[in-house]
Each structure stands twice: as structure tokens, then as C-alpha cells.
A.B. asks: 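Okay, handing you the structure first.
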Amino acid sequence: MSTPVRTRFAPSPTGLLHVGGVRTALFAWLLARQNKGAFILRLEDTDQKREVSGADQHIMDCLHALGLEYDEGPDNGGAFGPYRQHERLAIYQKWAKQLVEAGRAYADPYSPAEVQSFREAAQTAHKPFLYREHRPEQPPVWDGTQPLRFKSDPKPYKWHDAVMGDLSTSPEVIDDFVLLKSDGYPTYNFAHVVDDAEMQVSHVIRGQEFLASQPNYLNLYEALGLTPPVLATMPHILGPDGQRKLSKRDGAKDVLDYIRQGYLPEALLNFIASLGWNDGTEQELFNAQQLIEKFSLERVQRSGARFDERRLQWMNGAHLREQICMTTEEQLAYSLGDNFVQKNFWPSEATADPAALLPIFKLVQERLKYFDELPELTRFFFADLPVDPTLITEHKQLKKLSKGDLKTMLEQAQATLQASDFTNADLTDRLNKLLEETGQKPAVLFSLIRIATTQAPASPGLAETLTVLGKEVSLRRLQQQL
RNA sequence: GGCCCCUUCGUCUAGCGGUUUAGGAUAUCUGGUUCUCAUCCAGAAGAUCGCGGGUUCGAAUCCCGCAGGGGUCACCA
């Protein structure tokens, strides 16, 4: 029997969660779910200076909003807690002492300024900075006030990365990095190794910014007598220019913004997964369950991918349409009102009655890319919009007709609709007859009626729209147009 | 500067030595779907597979150089 799969997402609460972070979380989650393992959220809050208040809650909100539920975490606990690193200081101390006793860690006797001057000297000489070249012969006894450094054992490494493949480095990349800072907090480099071991994490999935320090971690694992977990390095998600990591400056929103705009969580997951992963077939659309079944680290791309919001829009629209047959009143309430941001996407004029909203939603569903577009697409169903003459004067067919002709046509339409029971079938029937009677093309007659009854530049099909609007409203608007 | 990673249509990608005149999706454009917008359908255009050498009967696919991009060299993660 193989060891259980336990994956973790370990962000530091220093700001908003962006798509790159979410992808790391998503892949870890997929792996855990696929193998009936556990997905863990661990907050790496060991840098008090950079911590942003509320960022921890934001991260948890994002994961909940996307449906990336974690089995163990700061707010729901678990057998390996606590799950905030600042609550685990005693654990790091214990492991640190073990290294000190084994002669694999020592107190750093230099002042920050001295270390800085070593660094600058290395830079001037165009050489990489290696602290161990200044490793003290007789380090002082560690009393907890000096930084504690790892006494590294430089050697070449070859290892396998589940995404990047076989990797190797020579000894010169390995250095005496800091394990514990002078404030008693561990560095990421130390804390994550300890925690992954303590929490029995089987797979470490993280961004490529950590690739360069991987040999140092391997050296530390050895010193601690630990077997490293499966390592998987994700390429970066790039901004639209394809040059640098996606950042705020590229207009990158945090993930919650997409939820607030009315993107479906599942579409977001599909899109983020497709940035660097595919199943080898030509399938583009996956629901969460399919992602869980088909995901594999081996098929993750090694190169970075650009974030293209237009593709996300298409994908979200596709997911929206996919759900057309399963849209029920309950589902509608869920996707439009009761999601965790509690945002109601309908226009302010809209009724709150789901039974009345459902037929309207079904009409606009296929022209929706995300829910924030709902107001402009549906407002005319709820409110009489002011008559906009330019809709006719700038219409390529209608602008050629005289006011008298238009008036006659509207009156004919009025008479026809007056006689209808406003079922879709009856309306379609009568409108077709009117087409024959007037001898007009649909491009003229239907456009006119559509404009008169909606005052909107775009709307669903005429008969469907009139059916939902109802007799009274439709006739009133025709009268207004006249 | 050292070390490491990456490089196929604008974008996301398929491709793991011959079935490839490099496939799909998206974006763009055109036509059709009784009206608009969208959907859907059909079609067009779009990649000398970063460049240069090799290996081979044959290379986007293997090897070696080079270039470009990115990462890293913190008491940040």
C-alpha cells in the first residue's frame, strides 16, 4: 500500500490571492481529491512585517468561493494542527535544537550590515553570494537572539520533479541559509520542510520561484533524516505582455473579483487548469469532477502561460450554456443570489420572484458571458425604458421609411397583438401572418416591433420576448412608441 | 555575473523519429440560422515549429552550440 496522498496549499497572508496562487491550490486539491487523500490549507505567516490584516480570511474566502474545500486548515482544524505557522513556533524550536545538537546548525555571529557587505562584495565581483564562504570557525553558542543558520553539506543533486522532469545541480548552489530568524520565527525555507514532514504531506506543489532553492531543501531533508515528498514545480502565469509574472499592473484582478463579476467557480477552475494543463485530447471544457478524474502532474506544461481574459469569457459562457438544461429555480437562486458574495446580479428594477425570473434567464442565458452583464441584457423586461428615437433613425432598414409608414405598421402590429393570447405559438403564428399581410420583410417589421417593445439595442427573439413581456406591457409600449 | 528553467498560429495548446501539405480551441473576418445581440452551423485567414549546426533514408520530435525570455543568488515567501 502506498502512502496516502496529502497535499497542501501554503500561501503567506501578505495580500490578495491571484490566479497563479489559485492554480497551485487547484492542482493540489485535484490531486488530493483524485486519490481520496487530504487537502490542507496552511498559512505561512512567519513574516510579521509583510503580513496584511484580513489576507488570511481573504484566502479562505477565495478557496470556499471556488469550491476548493480543504480538509484541514486554520478555521476547521485537523489532526496535524495548528495550521498557522506563528502558532507552531515551539515545533520549529524543537527541530532546530535537534540540528544544533547534531552539529548541523550554528549561530550567525555577524551583524546584518556585515552580511550585507559580504553580499555586496560578491555582487561587485559578479559572483553569487554564498554565506558559507564566511562560515565562522568558532561560532558562538546559540542563545536564540542570533539567526540560526543551517550548516550545509554542499554536494551535487539529481532529483525528479513531477512537472519539470529530471533536474540536477552542482554543489555551488547550496548554502548556509537561515533557519530561525533573530526574532525567533522560522524562515520559509525551514518552516515548510518541518511542517510538510509533521503534517505528512506527500506532494509539494509550488511555483518555480522555489526551484533554485530546491537543492538546499534536499540538503536539509538529508540533515533531518527525512525522505523528501514528491516535488512538483509549476511554471508562472504571465501577464498579457508575456514578459513577467501576472500582477496588479496588468489589470489582474484577484479571484474574488471574478466571482463578484459573476463568473462561475467551475468555469474559473476550468480556465485556470487549462493554463498549462490538458488531458491530451481535444476536450477543452471540463467540469470539476472531470478535472479530478483526468488531472495528472505529468501533463502539466513546463512553460509559462499568458492570462487571456477573452478566453476566460468564452469558457464561462460555454459553462453557462452547458447548465441550460439543469437550470431550475433553486439553481438560479443559488447562482445568482446565494453565492457567497451575496450579490444579486439582476437589475435594480427586477422582481425578486424566482418563478418570474426563470423564463427571462432562460432567454438571455445563451448571450451571457458572465452575470454582471445581466442588467443591460434584461432591464427592459422589468421597466419601460424611455423611447429612444435613434434606434429607428439609425436602423439601416427602418431609417429609409417615412413616419407615416412606420405609424401604419405599428398600428397593424397593435391590432394583431390585441387579438393574441400571447402564447409563444400564437404570437409566432400571428406575426408570420402579419408579415404576409403587410408584405414587409422581417428585417423591417420585426425590427420595428422589437424596438418599440424593448427600446433596447439587442434582445432575444421577438416572439419569445413578447411572450415573457405579456400582453399588457407589450401593447402599452407599442402605444408609447406611437 | 554564476546557477537553473523555458521557447509550436495573436493567445491557450496537440505533437513524444515517418500516418503532418503541423491538429484543436480561442480571438479576428465572411456566409447561413424569418429581426437585433448572442448561440449554433459552414468557411477563410493565421505557425518558415526561436536561430545555427549535427545524428538519421527521414526531425517540431534525438544531440551540441547560440540567442531570447523567465527564475534565483534575503533574518521574503
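Only this structure's heavy atoms are used, side chains among them; waters, hydrogens and symmetry mates stay out.
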A.B. asks: Side chain of A:His126: nearest nucleotide among B:rG24, B:rA74, B:rG1?
C.D. replies: B:rG1
A.B. asks: Would you please confirm or rule out a distance under 4.0 Å between OP1 or OP2 of B:rC76 and any side-chain N or O of A:Lys181?
C.D. replies: yes
A.B. asks: Can you work out whether A:Ala456 or A:Ser111 has the more 5'-proximal nearest nucleotide on RNA chain B?
C.D. replies: A:Ala456
A.B. asks: Per the side chain to side chain donor-acceptor pair (under 3.5 Å) rule, which among A:Arg149, A:Arg135, A:His134 passes with A:Asp176?
C.D. replies: A:Arg135
A.B. asks: Is there a donor and acceptor pair closer than 3.5 Å between the side chain of A:Asn432 and the base of B:rU34?
C.D. replies: yes
A.B. asks: Hey, what do you get for CG (A:Asp175) to CG (A:Leu130), rounding to the nearest 0.5 Å?
C.D. replies: 4.5 Å
A.B. asks: Please state whether the base of B:rA25 and the side chain of A:Arg311 form at least one donor-acceptor pair under 3.5 Å?
C.D. replies: yes
A.B. asks: Which part of the nucleic acid, if any, lies within contact of A:Ser303, taking any heavy atom under 4.0 Å across all strands shown: a base, the sugar-phosphate backbone alone, or nothing?
C.D. replies: sugar-phosphate
A.B. asks: Under 4.0 Å between a side-chain N/O of A:Arg119 and OP1 or OP2 of B:rC73, yes or no?
C.D. replies: no
A.B. asks: Per the atom types in the model, does the base of B:rC37 pair as donor or acceptor with the side chain of A:Arg367 at under 3.5 Å?
C.D. replies: yes
A.B. asks: Does the pair A:Thr428 and A:Asn424 meet the rule for a side chain to side chain donor-acceptor pair (under 3.5 Å), with working shown?
C.D. replies: CA-CA 6 Å; A:Thr428 307; A:Asn424 197 343; 3.3 Å; yes
A.B. asks: Is any side-chain N or O of A:Ser182 under 3.5 Å from a base N or O of B:rC75, one able to act as donor and the other as acceptor?
C.D. replies: yes
A.B. asks: Provide the closest heavy-atom pair for A:Pro347 versus A:Arg379 in the form atom of the first, atom of the second, distance.
C.D. replies: CB-NH2, 3.8 Å
A.B. asks: Expressed as a whole number of Å, how far does the C1' atom of B:rA22 sit from that of B:rA47?
C.D. replies: 8 Å
A.B. asks: Is there a donor on the side chain of A:Arg306 or the base of B:rU11 sitting less than 3.5 Å from an acceptor on the other?
C.D. replies: no
A.B. asks: Assuming nearest nucleotide by heavy-atom distance, tell me which of A:Lys441 and A:Asp308 is located more 5' along RNA chain B.
C.D. replies: A:Asp308
